[in-house]
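Positions are given from 1, in the same order as the sequence printed here. Values below: all heavy atoms of this structure, side chains included; hydrogens, waters and symmetry mates excluded.
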Amino acid sequence: NQATVPGPTSSDDFNLSDGLAGWTPRSGAVTENGSVYLGGGSAATPNIATINDTGTTVMTVDVDLVQVAHPTSNGFGIVLNYNTGTGAHYLFEYDSDGGGCGCMNAYFRRCTGAATSTCTAVASAPNFAGYTGVGTRALRVQRNGSTYNFYVNGSLIISASDSTYTGGLVGLQTIGTQVNFDNFFLSTTNQKGVRVWDVLDSNMTYVTGSATSCGAPASISGQTISWSIASLPAGAGCTLTYRAYVSGPVTSGQVIPNN
C-alpha cells in the first residue's frame, strides 16, 4: 500500500491510511476516499492534482478511473509537464460523451495555464470506438522524448509529438465532471515498470481471489483486471492468470470476446 515514492517510479493505490501523501491539489476540488476524487467545478475551472514527481523523458503513466457523474460537457485524464508557477501543462483527455453527441473523443492538449480556456489541441481522435456512459476505464500515456502515445482500455487512440514543455510534474485532471481515480502508476526506464490489464466481457464474472501474478497484486475495478509490476528486466517473463465464469444470458455457440 505504498503511497508515493519520489524518484524514478511512483505508485499510489490511495489507501485511506495515507490520504493524499505525495499529492498536491492545484485547482478545484481534490479529496481522498479510497481513491483520489476530483470533482465539482465547471468546464472553465478544472480540478487538478499533481504528484511530487517529474518522471523522465521516457516514461509510462497508468491510472484506473470510474466516472461518478456524466454531464454532457466533461473530460478527464492525465497531466504531464505541469508548471507550478504558470499552471502550463499537457493534458491527455478522454471525453466519454463528446459534448453531448453520445460519442467518444480524445485529445492531446497543450495548455499555457490551469484554466481550460488556455488549452489548444495538439492532436485529437474524434468519435473513436470506445465505451460511452458511466463506467470503469484504464488510461495510459507513454512518453518517449517529445512523442506521446495515449491509450484508453489498452487501445492506442492518439500518437503525436510536441516539444513545447520539457519539465514539470505528473498529475490528474477532470473538467466539469466527478471522477474517482485509483491504481496510479508511473514507471521509467530506470525501473522498467510494466502495466497489464484485461477487460472481462459483460457476460463474464471474475472469481474473487483467483488472480495470480509474479509479485504484483491484481486490482479489480468493475470488469477490468489490472496488474502493476514495478520491475521486470528486459527479456524476463511473468505469467498472469485469473478465473472467470459465464454469468450473463448467452446462446449456444455464442462467442464471448476477450478484451
Side-chain angles (χ1 to χ4, degrees), residues 13-14 33-39 60-78 92-107 125-141 149-158 172 174-185 194-213 216-229 238-259:
D13 64 0
F14 302 107
N33 59 355
S35 59
V36 64
Y37 172 82
L38 281 74
T60 299
V61 179
D62 288 291
V63 70
D64 296 332
L65 60 90
V66 175
Q67 190 175 9
V68 179
H70 189 237
T72 56
S73 179
N74 70 90
F76 41 86
I78 295 171
F92 297 85
E93 176 191 345
Y94 176 71
D95 181 346
S96 63
D97 193 51
C101 69
C103 55
M104 293 69 65
N105 296 333
Y107 303 93
N127 199 19
F128 68 88
Y131 177 82
T132 57
V134 178
T136 302
R137 298 169 184 84
L139 303 187
R140 161 177 282 189
V141 175
N149 293 326
F150 183 26
Y151 298 80
V152 178
N153 286 349
S155 297
L156 177 62
I157 304 302
I158 291 176
L172 304 170
T174 67
I175 304 169
T177 189
Q178 297 85 50
V179 172
N180 285 330
F181 292 92
D182 207 354
N183 304 316
F184 175 89
F185 192 77
V194 177
R195 176 74 182 282
V196 180
W197 63 80
D198 196 12
V199 181
L200 286 175
D201 184 82
S202 60
N203 291 310
M204 302 293 291
T205 296
Y206 168 72
V207 177
T208 302
S210 66
T212 64
S213 69
S219 171
I220 314 301
S221 181
Q223 294 296 95
T224 301
I225 306 168
S226 60
W227 297 264
S228 294
I229 304 169
C238 176
T239 300
L240 309 173
T241 65
Y242 66 87
R243 291 185 290 119
Y245 61 89
V246 177
S247 56
V250 295
T251 59
S252 178
Q254 178 178 336
V255 175
I256 299 177
N258 179 27
N259 297 316

With a 4.5 Å limit on heavy-atom distance, are the side chains of L156 and F150 in contact?
no
Taken to the nearest 0.5 Å, the spacing of I220 CD1 from N183 CG works out to 9.5 Å
Checking side-chain polar atoms at under 3.5 Å, does Y94 have a donor or acceptor matched by the opposite partner on N105?
no
Going through the distances and angles, do F185 and V61 end up as a side-chain contact (heavy atoms from CB on, under 4.5 Å)?
CA-CA 6 Å; F185 192 77; V61 179; over 6 Å; no
For S210, give me all partners under side-chain hydrogen bond (donor to acceptor under 3.5 Å, both in side chains), at least two apart in sequence or on another chain.
none
Going by the rule side-chain contact (heavy atoms from CB on, under 4.5 Å), which residues pair with V250 if we only count those two or more places apart in sequence or in a different chain?
N203, V246, Q254, I256
Please check: side-chain N/O of Q223 versus main-chain N/O of M204, any donor-acceptor pairing under 3.5 Å?
yes
Between I157 and A106, what is the shortest heavy-atom contact and its length?
CG2-CB, 3.6 Å
Rounding to 0.5 Å, atoms CD1 (I78) and CG (D62) come to a distance of 7.0 Å
Under the side-chain hydrogen bond (donor to acceptor under 3.5 Å, both in side chains) test, which residues partner S202, sequence neighbours left out?
none
Rounded distance [0.5 Å steps], CG in L172 versus CZ in F76:
12.0 Å
By side-chain hydrogen bond (donor to acceptor under 3.5 Å, both in side chains), which residues pair with Y151, not counting sequence neighbours?
Q142
Residues in side-chain contact (heavy atoms from CB on, under 4.5 Å) contact with A138, at least two apart in sequence or another chain
D64, N153, W197
Quick one, W227 with Y242, criterion side-chain contact (heavy atoms from CB on, under 4.5 Å). Give me CA distance, side-chain angles, the key distance, then yes/no.
CA-CA 11 Å; W227 297 264; Y242 66 87; 3.8 Å; yes
To the nearest 0.5 Å, atom CZ of R140 lies from atom OG of S155 at 12.0 Å
L65 and L139: CA distance, side-chain angles, deciding distance, side-chain contact (heavy atoms from CB on, under 4.5 Å) verdict:
CA-CA 8 Å; L65 60 90; L139 303 187; 3.5 Å; yes
Tell me, please, which residues at least two apart from S221 pass side-chain hydrogen bond (donor to acceptor under 3.5 Å, both in side chains).
none
Does a side-chain heavy-atom distance below 4.5 Å link T239 with T241?
yes
Heavy atoms of T205 and L200 approach each other most closely as C-CD1, 4.2 Å
